[in-house]
Amino acid sequence: MSPSEIQQRGALRLYNTRTRKVEPFGALRDDRVRMYVCGLTPSAEGHLGHARSFMFFDVLRRYLVHLGYGVTFVQNVTDIDDRSIAAAATSGRDWREIVEAYFQSFKRSMTRLHVLEPDHEPRATEYIGPIQSMIEELIVTGHAYAVADGVYFRVKSFSRYGALSGRNVDELMVGARIAADENKEDPLDFALWKFAKPGEPSWESPWGAGRPGWHIECSAMSRALLGEPFDIHGGGYDLVFPHHENEIAQTESLLPVPPMANFWVHGGLLLFDNRKMSKSLGNFEPLYELLDRHEPQAIRFLFLQTGYRKPMNFTEDSIEGATTGLQRLLAAYDALRRAPPAGQHDEAARAALKPFAARFYAALDDDLNTAGAISVLFDLGSGASGLIQSGAASPAAAFLHEAMALLGISPSERSHKPVIVEYDTSLVTLEGAGTMFRIAAPKDAAQHLPVGTLEALRVDVGGFVALDGDVKAAVNAVIAARQRAKLEKDFGLADRLRIALKSIGVVVTDEKDGATWTVAGG
RNA sequence: GGCGACGUAGCCAAGUGGUAAGGCGGAGCUCUGCAAAAGCUCUAUUCCCCAGUUCGAAUCUGGGCGUCGCCUCCA
């Protein structure tokens, strides 16, 4: 089903933190959406909270592309900050090495989660020039000043300070958690440039050797890569204040006409044990570890079943539920895909699908209600047998594929239907109660597959599993032998073979005309 | 102390004025050598509590209780 039949690009509505309303979304110019999403500060391993945020923006990006926009997606890397310097000091390693290691680990996790690569991934240290120019402009225009330990932004010089986060500058003082600093004119002022202490990494500047403060890199890099105003500025809710408030102050102080960004979009935080998952609180499991324990696509599926703006509590129960649900949905997709092609009821079949597609896209248009959209997919999955009978299997499968692709789910092959070949059960023996599994492929000599071999040969293809061809043939041969045993009513042998396959991670599922097998997940 | 969000079945969760989506789990049935999968059916007279507005409220207003977040580095 072509989206254009039922979709109008202007129907997308998005919550805008800047106005605190859900508003119709449109590109500012050229049919191109310029978006900047605050990325990682790689001074520690990424965690699931990062994954939630970046997966959401990934879906937003995919949907904008789907709607026909060109999209320029920028995600920064704040590769210099106090914590990576501190980590370098305690570990004795170079700070660049530490940052690079965490960043590469994070990138691998993003790939496993099917998060698309940003178009630009600028690093703060690569934009020292533009950062310094911006600071210079702020000094010249009276919005910044240099003192003994660095250059600061003069918060009181920007009248709209606090508008994004709904804070009142006078009341911010009362909180008493803002450390007074003898150098600063005002406790609220924040650093644009920090002078280096001995041994710290630094760059030369007109004011003194040092490094950029947090915030300024985003103002400078978004300006350099997207210009102003751009369409969407995103990040986690915890960035609303002070990070995004400060970005606005820096950028808009130099802008004749605000705003810096049309839409400000913030993703809800992920809780773990009902507490915020956070580096500073220390309550998180490294992302790469979690991805080893759980199917990455199931994590994605789980997250998309909660509204992106809501705080969400991650539990083992919830990920198990999502895993099961996703498997069922993909099973329905497989059934639709494998159904015999429809006859000539093409138009009727497409019409049968239209209500599903309409509901699906209506949900996404409504502030990216992915949870509602997924419920439509489940409805479609439940009705799969009916759709097959009415000859709508093919367009239904095509629609499901498109819908899941939008959500970043790859419904690629996950099961292999073996061809039943010539077999000879005498070639199949079991040794050591399933610890050693000797099998013979139809033509080849016997192969030995110790426990764990298949696991070792797993190849991740779009999150699902394909196997090396020889092993696949071998497994098919065993299954063929089992089919023979079943035909001969030797159910004892059939069961032993199934148990043996299971012991090496292969799950056999009988069907009327044969059997399919999958490699057990997890 | 200031600001903000949230509270829907055993669990997760959609739904912002019209009479409770969906998922997981659970129960039963069908199919099946067995197992699994799949299909069908059932699983909240009710949306934290109280008061109010309304013909009508989970949805709006006021009050209360609870949980969480931001105000300091944080996706």
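Throughout, a chain's letter reflects where its sequence line sits, starting with A, and its residues are numbered from 1. Small disclaimer: the values here were computed from a predicted structure and weren't measured. Worth knowing before you read on, the calculation uses all heavy atoms, side chains too, and leaves out hydrogens, waters and symmetry mates.
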| Options B:A14, B:A5, B:A75, nucleotide nearest the side-chain atoms of A:P311 | B:A5
| query | Using purine N1 to pyrimidine N3 plus N6-O4 or O6-N4 for Watson-Crick, or N1-O2 and O6-N3 for G-U wobble, each under 3.5 Å, what pairs with B:C47? | reply | none
| task | Check the distance between B:G39's C1' and A:Q389's CD and give it to me in whole angstrom. | result | 11 Å
| task | Return the nucleotide paired to B:C73: Watson-Crick means purine N1 to pyrimidine N3 with N6-O4 or O6-N4, wobble means G-U with N1-O2 and O6-N3, both under 3.5 Å. | result | none
| query | P atom, B:G4 versus B:C42: distance in rounded Å? | reply | 45 Å
| Expressed as a whole number of Å, how far does the P atom of B:A44 sit from that of B:G52? | 29 Å
| said: Do the side chains of A:K156 and A:E185 get close enough for a salt bridge, i.e. N-O under 4.0 angstrom? | reply: no
| said: Can you tell me which nucleotide in B:A14, B:G22, B:G69 comes closest to the side chain of A:A371? | reply: B:A14
| message | It should be established whether A:R275 places a side-chain nitrogen or oxygen under 4.0 Å from OP1 or OP2 of nucleotide B:G69. | response | yes
| request: Nearest-nucleotide wise, let me know which of A:G381 and A:R52 is further upstream toward the 5' end of RNA chain B. | output: A:G381
| 5' precedence on RNA chain B between A:R20 and A:G321 (nearest-nucleotide basis) | A:R20
| task | Check whether any side-chain heavy atom of A:R300 sits under 4.5 Å from a side-chain heavy atom of A:V59, and report yes or no. | result | yes
| field | Nucleotide B:C24, atom P - distance to CD of A:Q305 in whole Å | value | 9 Å
| Pairing partner (Watson-Crick or G-U wobble, both distances under 3.5 angstrom) of B:G4 | B:C68
| task | Remember a base hit wins even if backbone is also touched, and classify A:S382 as base, sugar-phosphate or nothing at under 4.0 Å, heavy atoms. | result | sugar-phosphate
| message | Nearest to the side chain of A:D238, heavy atoms from C-beta on, is which of B:C24, B:C73, B:A75? | response | B:A75
| Given side chains that start at C-beta, do those of A:Y36 and A:M221 come closer than 4.5 Å, heavy atoms only? | yes
| request: Whole angstrom is fine here: how far is it from CG in A:L239 over to C1' in B:A5? | output: 16 Å
| request: Determine whether the side chains of A:D119 and A:T72 contain a donor N or O and an acceptor N or O closer than 3.5 Å. | output: no
| Looking across every strand, which nucleic acid part, if any, lies under 4.0 Å from A:L270 by heavy atom: base, sugar-phosphate, or nothing? | base
| note | Between NZ of A:K276 and C1' of B:C6 the distance, given in whole Å, is 16 Å
| said: With rounding to the closest Å, how many angstrom separate the C1' atoms on B:G7 and B:G64? | reply: 14 Å
| said: Output the rounded distance in Å from CG (A:N274) to P (B:G7). | reply: 14 Å
| Using a cut-off of less than 4.0 Å, is there contact between a side-chain N or O of A:K310 and OP1 or OP2 of B:G7? | yes
| said: In whole Å, I'd like the distance from the CD atom of A:Q327 to the C1' atom of B:A36. | reply: 12 Å
| If you look at every strand shown and take non-hydrogen atoms under 4.0 Å, does A:H47 touch a base, only sugar-phosphate, or nothing? | base
| request: Pick the P atom in B:G62 and in B:A21, then give their distance to the nearest Å. | output: 29 Å
| message | Which nucleotide, if any, forms a Watson-Crick or G-U wobble pair with B:U54, using both distances under 3.5 Å? | response | none
| query | So, are A:R123 and A:E100 salt-bridged, with charged N and O less than 4.0 Å apart? | reply | yes
| C1' atoms of B:C31 and B:A36, separation to the nearest Å | 12 Å
| note | The Watson-Crick or G-U wobble partner of B:A20, with both key distances under 3.5 Å, is none
| query | From B:C71, B:A75, B:A14, pick the nucleotide closest to the side chain of A:F241? | reply | B:C71
| request: Rounded to whole angstrom, note down the C1' distance from B:C49 over to B:G10. | output: 22 Å
| Contact class for A:G39 vs. all strands (heavy atom < 4.0 Å): base, sugar-phosphate, or nothing? | sugar-phosphate
| Does the aromatic ring of A:F491 sit over the six-membered base ring of B:G33, closer than 5.5 Å centre to centre and tilted less than 30°? | yes
| field | Pairwise P distance for B:C24 and B:U41, with rounding to whole Å | value | 15 Å
| message | Going by purine N1 to pyrimidine N3 plus the second Watson-Crick contact, or the G-U wobble pair, all under 3.5 Å, which nucleotide sits opposite B:C42? | response | B:G26
| said: Just to be sure I understand the rule, does A:M312 reach a base, reach only the sugar-phosphate, or reach nothing, if contact means heavy atoms closer than 4.0 Å? | reply: nothing
| query | Watson-Crick or G-U wobble partner for B:C31, using a 3.5 Å limit on both distances? | reply | none
| query | With side chains defined as the heavy atoms from C-beta onward, is the minimum distance between A:R211 and A:T125 less than 4.5 Å? | reply | no
| field | Partner nucleotide, any strand, of B:A9 [Watson-Crick/G-U, under 3.5 Å] | value | none
| said: Do A:R293 and A:E285 have side chains that approach each other closer than 4.5 Å (heavy atoms only, starting at C-beta)? | reply: yes
| field | Shortest side-chain distance from A:D495, nucleotide among B:C34, B:G69, B:C71 | value | B:C34
| query | Can you tell if the side chain of A:M35 reaches within under 4.5 Å of the side chain of A:F57, non-hydrogen atoms only? | reply | yes
| said: Tell me whether the side-chain N/O atoms of A:N369 come closer than 4.0 Å to OP1 or OP2 in B:G15. | reply: yes
| query | Can you find a pair of side-chain heavy atoms, one from A:F378 and one from A:L329, that are under 4.5 Å apart? | reply | yes
| request: Take atom P in B:C40 and the same atom in B:A57, then report the distance between them in whole Å. | output: 35 Å
| request: Return the value, rounded to whole Å, for the distance between atom CD of A:Q483 and atom P of B:G33. | output: 12 Å
| query | For the residue pair A:Y161 and A:F153, is the inter-centroid distance of their aromatic rings smaller than 6.0 Å? | reply | no
| said: Given the structure, check if the side chain of A:R328 and the base of B:A37 hold any donor-acceptor pair shorter than 3.5 Å. | reply: no
| said: Under 4.0 Å, counting only non-hydrogen atoms across every strand here, what does A:G235 touch: a base, just sugar-phosphate, or nothing? | reply: sugar-phosphate
| request: Quick one: label A:T306 by what it contacts on the DNA or RNA (base, sugar-phosphate, nothing), any heavy atom closer than 4.0 Å. | output: sugar-phosphate
| request: Establish whether the base of B:G25 is bridged to the side chain of A:D317 by a donor-acceptor pair shorter than 3.5 Å. | output: no
| Looking across every strand, which nucleic acid part, if any, lies under 4.0 Å from A:G307 by heavy atom: base, sugar-phosphate, or nothing? | sugar-phosphate
| For A:D379, which contact category applies under a 4.0 Å heavy-atom criterion: base, sugar-phosphate, or nothing? | sugar-phosphate
| request: Please determine if a side-chain N or O atom of A:R167 lies less than 4.0 Å away from the OP1 or OP2 oxygen of B:G4. | output: no
| request: Write down the distance between CD (A:E295) and P (B:C24), rounded to a whole number of angstrom. | output: 17 Å
